[in-house]
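First comes the structure, then the notes that go with it.
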There are 2 protein chains.
Amino acid sequence: MPKVETFDRIDVLQKATEIFHKKGYNGTSMQDLVDVTHLNRSSIYNSFGSKLGIFMQVLSFYQNAGNKKMGTEIVKTHNASDTLQSIFEWYLNDIIKDEDRKGCLIVNCKSEMSNQEPLINSFMVQNQEQMIALLEDVVHNGQMEKVFNEKQTAGQYALYLYSSIQGLRMTGILNTNENELRNLIKTVLTVLY
Amino acid sequence: MPKVETFDRIDVLQKATEIFHKKGYNGTSMQDLVDVTHLNRSSIYNSFGSKLGIFMQVLSFYQNAGNKKMGTEIVKTHNASDTLQSIFEWYLNDIIKDEDRKGCLIVNCKSEMSNQEPLINSFMVQNQEQMIALLEDVVHNGQMEKVFNEKQTAGQYALYLYSSIQGLRMTGILNTNENELRNLIKTVLTVLY
DNA sequence: ATCTTATTGAAATGATCGTTTCAAAATTAA
DNA sequence: TTAATTTTGAAACGATCATTTCAATAAGAT
């Protein structure tokens, strides 16, 4: 059997995620990745195949990390209303704590590459479906609990919330006022009650 | 007196806008610009200074073209409710008619560069202020007409609408269903009534 | 201990990046 | 028609791009 990978894959993906998030896909060079990961060029190619290859793994890493962290917040809630609140609260916190105001890696990537790169497009379609399915589930529960209205179907509200989240992430790039953002969220959620 | 510019500046900016819109700032090369504008490399530098220079002019061109076209729709309306409807209808149409699903050049640029390039950041701040001022004015009128509620101030609703528009533009990149988008808009506007 | 196989390190690949150079061409005021 | 001035065209700039090459290194299996 051969020599085995010596580097910490999680750590490398973490560093790669940071630089891609900060500079975007086209703005990040292979040299940037070599610098921040402290991996050799050939090790990156050997382990990830290509720049697009490592970026796809970065996207999944970012998505999974977000899901996991948001999930731990969600499980603390006990009704649909609180769940939705905590989802938006998580996004708000993610915006506030990022002093670089980079926005969401996935939203940024969608606008940069979705219309150009089939692999990215597929990822984005899957991401949207997953997000909307989650939101639809929450809304549906809230409607069963009679705390959300039924003027629109859960699916329709899910698309509205998904779109609102993307808007929130874009707005958070320039607007740093926590109170304004919190009020924005409140306004968004008003529709459901 | 010297020789004067021979090329059509509007036409050049139009072509440059198309390629920047399709490929993004970092994805567009000077060679791309030479190819699509049919201008010589040195003519571009002589007239626009740099890649960032021509891009800044492209951003303004895109912004002005949008304002103008949306303006002609707005003047046809006679109350705040119709005005807001026609604004969103304009964005919907802009999404539907773009078979490349590129999204909004300004939103895309904001996510790609706002955190990296001061000139871009300034443009985006100005763009946001302009957009919000316009929306605030419309909402304020609607509130005076008693057709919009006053649960939130016009300024608060303006930020909500601005955020919703960005969300709509991001959603429109992947979602091509006109009915779903129209329903999304309807849901967004529900808040005001 | 040796064989096998994969990961490394360092250098080099050709292509493309944004920008500059400079002489030739072109235009208008005098 | 000439002088003044700027735009053009074509080539070249050094730097950087993503990717490849290949010998040296390292480690589990026999």
Side-chain angles (χ1 to χ4, degrees), chain A residues 1-59 105 108-109 112-113 116-120 123, chain B residues 1-59 105 108-109 112-113 116-120 123:
Chain A
M1 272 278 190
K3 178 179 174 184
V4 81
E5 255 179 28
T6 60
F7 61 86
D8 181 348
R9 237 185 144 80
I10 302 292
D11 183 61
V12 165
L13 280 176
Q14 165 72 34
K15 299 281 172 51
T17 300
E18 278 176 33
I19 192 71
F20 274 126
H21 197 177
K22 190 175 295 179
K23 306 177 80 167
Y25 180 78
N26 286 309
T28 301
S29 70
M30 219 58 199
Q31 188 58 51
D32 288 330
L33 292 169
V34 168
D35 291 343
V36 301
T37 63
H38 300 116
L39 237 57
N40 189 274
R41 214 175 289 281
S42 58
S43 297
I44 298 180
Y45 277 93
N46 187 65
S47 301
F48 300 98
S50 65
K51 184 186 172 187
L52 184 60
I54 190 172
F55 185 65
M56 295 305 302
Q57 296 220 23
V58 158
L59 278 181
L105 173 63
N108 294 353
C109 172
E112 184 182 8
M113 310 180 68
Q116 300 199 73
E117 184 54 54
L119 278 176
I120 297 292
F123 178 92
Chain B
M1 272 279 191
K3 179 179 174 185
V4 80
E5 254 179 29
T6 61
F7 62 85
D8 182 347
R9 238 184 143 82
I10 301 292
D11 183 62
V12 165
L13 280 176
Q14 165 70 34
K15 299 282 172 51
T17 301
E18 278 176 34
I19 192 71
F20 273 125
H21 197 177
K22 191 175 296 181
K23 307 177 80 168
Y25 180 78
N26 286 311
T28 301
S29 70
M30 219 56 197
Q31 188 59 49
D32 288 331
L33 292 169
V34 168
D35 291 342
V36 301
T37 62
H38 301 116
L39 237 56
N40 189 275
R41 215 176 287 282
S42 59
S43 296
I44 297 179
Y45 277 92
N46 187 64
S47 301
F48 300 97
S50 66
K51 184 187 173 187
L52 185 59
I54 190 171
F55 185 65
M56 294 306 299
Q57 297 221 22
V58 157
L59 277 182
L105 172 63
N108 294 354
C109 173
E112 184 182 7
M113 310 180 69
Q116 301 200 71
E117 183 55 55
L119 279 175
I120 297 291
F123 178 92

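We name chains A, B, ... by the order of the sequence lines, and we start the count at 1 in each one.
- Aromatic ring pairs are classed by plane angle as parallel below 30°, tilted from 30° to 60° and perpendicular above 60°; the pair A:Tyr25 and A:Phe20 is parallel.
- Under the side chain to side chain contact (heavy atoms under 4.5 Å, CB included) criterion, B:Thr17 pairs with B:Val58, B:Phe61, B:Tyr62, B:Leu105, not counting sequence neighbours.
- Looking at every heavy atom in both residues, A:Ile120 comes nearest to A:Cys109 through CG2-SG, 3.6 Å.
- Remark: A:Asp32 pairs with A:Lys23 by the salt bridge (Lys or Arg N to Asp or Glu O under 4.0 Å) rule, at least two apart or across chains.
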Secondary-structure string, 5' to 3', Watson-Crick or G-U under 3.5 Å, | for another-strand partners, for DNA chain D: ||||||||||||.|||||||||||||||.|
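- Taking a 4.0 Å limit (strictly below) on heavy-atom distances, residues 15-37 of chain B does not reach DNA chain D anywhere.
- Of the residues in residues 50-58 of chain B, those with a non-hydrogen atom less than 4.0 angstrom from any atom of DNA chain C are B:Ser50, B:Lys51.
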Might you list the N or O atoms of the protein lying below 3.5 Å from N or O atoms in nucleotides 8-11 of chain D, with each pair's distance?
residue: D:dT8; atom: OP1; partner: B:Thr6; partner atom: N; Å: 3.3
residue: D:dT8; atom: OP1; partner: B:Thr6; partner atom: OG1; Å: 2.7
residue: D:dT8; atom: OP2; partner: B:Ser43; partner atom: OG; Å: 2.8
residue: D:dG9; atom: N7; partner: B:Asn40; partner atom: OD1; Å: 3.2
residue: D:dG9; atom: N7; partner: B:Ser42; partner atom: OG; Å: 2.7
residue: D:dG9; atom: O6; partner: B:Ser42; partner atom: OG; Å: 3.1

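- The distance from atom OH of B:Tyr45 to atom C1' of D:dT7 is 17 Å, rounded to the nearest whole Å.
- In terms of modelled atom types and a separation under 3.5 Å, the side chain of B:Lys51 and the main chain of B:Leu33 share no donor-acceptor contact.
- Residues forming a salt bridge (Lys or Arg N to Asp or Glu O under 4.0 Å) with A:Lys15 (at least two apart in sequence, or on another chain): A:Asp11.
- We find the CG-OG1 distance between A:Asp8 and A:Thr37 to be 12.0 Å, quoted to the nearest 0.5 Å.
- Proximity of a side-chain donor or acceptor of B:Glu112 to a complementary backbone N or O of B:Gly24 within less than 3.5 Å is not detected.
- Nearest heavy-atom pair across A:Met56 and A:Leu119 is CE-O, 3.6 Å.
- A search for side chain to side chain donor-acceptor pair (under 3.5 Å) contacts involving A:Ser50 returns nothing, not counting sequence neighbours.
- Residues passing the side chain to side chain contact (heavy atoms under 4.5 Å, CB included) test with A:Asn40 are A:Ser42, A:Ser43, sequence neighbours excluded.
- Listed by chain and residue number, B:Glu5 satisfy the salt bridge (Lys or Arg N to Asp or Glu O under 4.0 Å) test with B:Arg9 (two or more places apart in sequence, or in another chain).
- Between the CZ atom of B:Phe48 and the P atom of D:dT7 there is a distance of 12 Å, given to the nearest Å.
- The side chain to side chain contact (heavy atoms under 4.5 Å, CB included) test applied to A:Glu18 returns A:Gln14, not counting sequence neighbours.
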